[in-house]
Amino acid sequence: MDDAYLDAVLSVVERVPSGRATTYGLIAEYLRDHSDPALGVRDRGGPRQVGTVLARAGGDVPWWRVVNATGSPPARHRVRALDALRAEGCPLTADGARVRLRDAVWLPD
DNA sequence: ACATTGACTAATT
DNA sequence: TAATTAGCCAATG
């Protein structure tokens with residue numbers, strides 16, 4: 001996994017607006033569609049790899065706005081993520097346990 | 001090289 | 001709805 005891919009992932013996460021969220025799969029899909037070897041932006045796999053990047057280098061980006069396909073934040077940071085999301089007004093389910101992707105999902109441009 | 005792991009997903013029950 | 005299962009694919013040891 002080279003720096004170009006790592007930067008590509010982080011730059012997408014940085015673009016997620018406050019109060020909205022996106023998923024690992026959507027980011028992977030976006031990178032797959034927009035991979036351009038000529039620009040050094042290469043496709044480096046699927047959703048799990050996106051997760052790997054955030055686990056490794058997600059410290060300085062709004063990682064709590066990235067959730068899995070069912071709207072649940074990563075189990076390890078579940079509380080912190082939900083608190084942050086609630087604080088910025090992201091639509092959540094009634095039990096406050098997951099993001100209402102139906103309303104909150106943000107798609108990279 | 002090989003086996004295990006994981007901030008995942010889609011289908012099944 | 002929620003829990004389980006099988007598939008996934010690069011990273012890691």
Side-chain angles (χ1 to χ4, degrees):
Chain A
M1 164 151 353
D2 57 21
D3 292 328
Y5 178 69
L6 205 149
D7 290 342
V9 170
L10 296 180
S11 70
V12 172
V13 176
E14 276 172 357
R15 291 197 200 96
V16 183
S18 173
R20 318 269 317 268
T22 191
T23 73
Y24 300 96
L26 290 171
I27 293 174
E29 181 184 328
Y30 172 85
L31 293 178
R32 191 172 282 283
D33 290 347
H34 289 67
S35 65
D36 184 352
L39 299 179
V41 181
R42 291 183 285 173
D43 168 30
R44 288 289 178 170
R48 307 197 75 136
Q49 281 58 241
V50 173
T52 299
V53 167
L54 288 182
R56 236 179 74 165
D60 5 298
V61 295
W63 53 264
W64 57 91
R65 296 175 190 154
V66 184
V67 298
N68 68 26
T70 71
S72 300
R76 306 174 68 155
H77 302 292
R78 166 195 144 75
V79 180
R80 242 192 302 170
L82 290 170
D83 283 349
L85 289 165
R86 191 166 28 248
E88 54 188 45
C90 184
L92 302 179
T93 55
D95 60 8
R98 347 182 304 200
V99 171
R100 271 185 156 301
L101 284 175
R102 196 147 275 201
D103 305 320
V105 74
W106 173 85
L107 299 79
D109 291 334

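Below, read A as the first sequence line, B as the second, and so on, with proteins coming before strands; counting in each chain starts at 1. Only this structure's heavy atoms are used, side chains among them; waters, hydrogens and symmetry mates stay out. It should be emphasised that the depicted structure is a prediction, and the values quoted were computed from it without experimental measurement.
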With a 3.5 Å cut-off and sequence neighbours excluded, list the donor-acceptor pairs that the side chains of residues 99-109 of chain A form with protein atoms.
none

**Report entry** Rounded distance (Å) that lies between atom P of dA7(B) and atom CZ of Arg80(A)
**Finding:** 13 Å
Requested in this report: Using whole Å, report how far OH of Tyr24(A) lies from P of dC8(C).
Outcome: 22 Å
Report summary line: Residues in residues 48-63 of chain A with a heavy atom under 4.0 Å of DNA chain C, by number, are Arg48(A), Gln49(A), Arg56(A)
Requested in this report: Round to a whole Å and report the spacing from CG of Asp3(A) to P of dA11(C).
Outcome: 12 Å
Query raised in the report: Which part of the nucleic acid, if any, lies within reach of Arg98(A) when heavy atoms closer than 4.0 Å are counted: base, sugar-phosphate only, or nothing?
Result: sugar-phosphate
Side-chain polar contacts of residues 67-76 of chain A - donor-acceptor pairs under 3.5 angstrom, sequence neighbours left out - could you list them?
residue: Asn68(A); atom: OD1; partner: Thr70(A); partner atom: N; Å: 3.0
residue: Asn68(A); atom: OD1; partner: Thr70(A); partner atom: OG1; Å: 2.9
residue: Asn68(A); atom: OD1; partner: Gly71(A); partner atom: N; Å: 3.2
residue: Asn68(A); atom: OD1; partner: Ser72(A); partner atom: N; Å: 3.1
residue: Asn68(A); atom: ND2; partner: Ser72(A); partner atom: O; Å: 3.4
residue: Thr70(A); atom: OG1; partner: Ser72(A); partner atom: OG; Å: 3.4

Query raised in the report: How close or far is atom C1' of dG6(B) from atom CZ of Arg76(A), stated in whole angstroms?
Result: 9 Å
**Report entry** Rounded distance (Å) that lies between atom P of dA10(C) and atom OH of Tyr5(A)
**Finding:** 9 Å
Report task. Return the value, rounded to whole Å, for the distance between atom CD of Glu29(A) and atom P of dC8(C). Result -> 18 Å
Requested in this report: Could you tell me the separation between the CZ atom of Arg32(A) and the P atom of dT9(B), rounded to a whole number of Å?
Outcome: 14 Å
Requested in this report: Just call it for Pro74(A): base, sugar-phosphate, or nothing, with non-hydrogen atoms closer than 4.0 Å on any strand.
Outcome: base
Requested in this report: Please examine the side chains of Val66(A) and Thr23(A), heavy atoms only from C-beta on, and report whether any two atoms are closer than 4.5 Å.
Outcome: no
Query raised in the report: Below 4.5 Å, heavy atoms only, C-beta onward: do Tyr24(A) and Gln49(A) meet side chain to side chain?
Result: no
Report summary line: Between NE2 of His77(A) and P of dG6(B) the distance, given in whole Å, is 13 Å
Show the atom names and distances, to 0.1 Å, of all donor-acceptor pairs under 3.5 Å that link a side chain in residues 80-87 of chain A to residues at least two apart or in another chain.
residue: Arg80(A); atom: NH2; partner: His77(A); partner atom: ND1; Å: 2.7
residue: Asp83(A); atom: OD1; partner: Arg86(A); partner atom: NH2; Å: 2.7

Query - Nearest listed nucleotide, side chain of Asn68(A), among dA10(B), dC8(B), dA7(B) - result: dC8(B)
Report task. Please state the C1' separation for the pair dG13(C) and dA1(B) - nearest whole angstrom. Result -> 12 Å
Report task. Quick one: list whatever passes side chain to side chain donor-acceptor pair (under 3.5 Å) with Glu88(A), sequence neighbours left out. Result -> Trp64(A), Arg65(A)
Report summary line: With sequence neighbours left out, the residues meeting side chain to side chain donor-acceptor pair (under 3.5 Å) with Asp33(A) are none
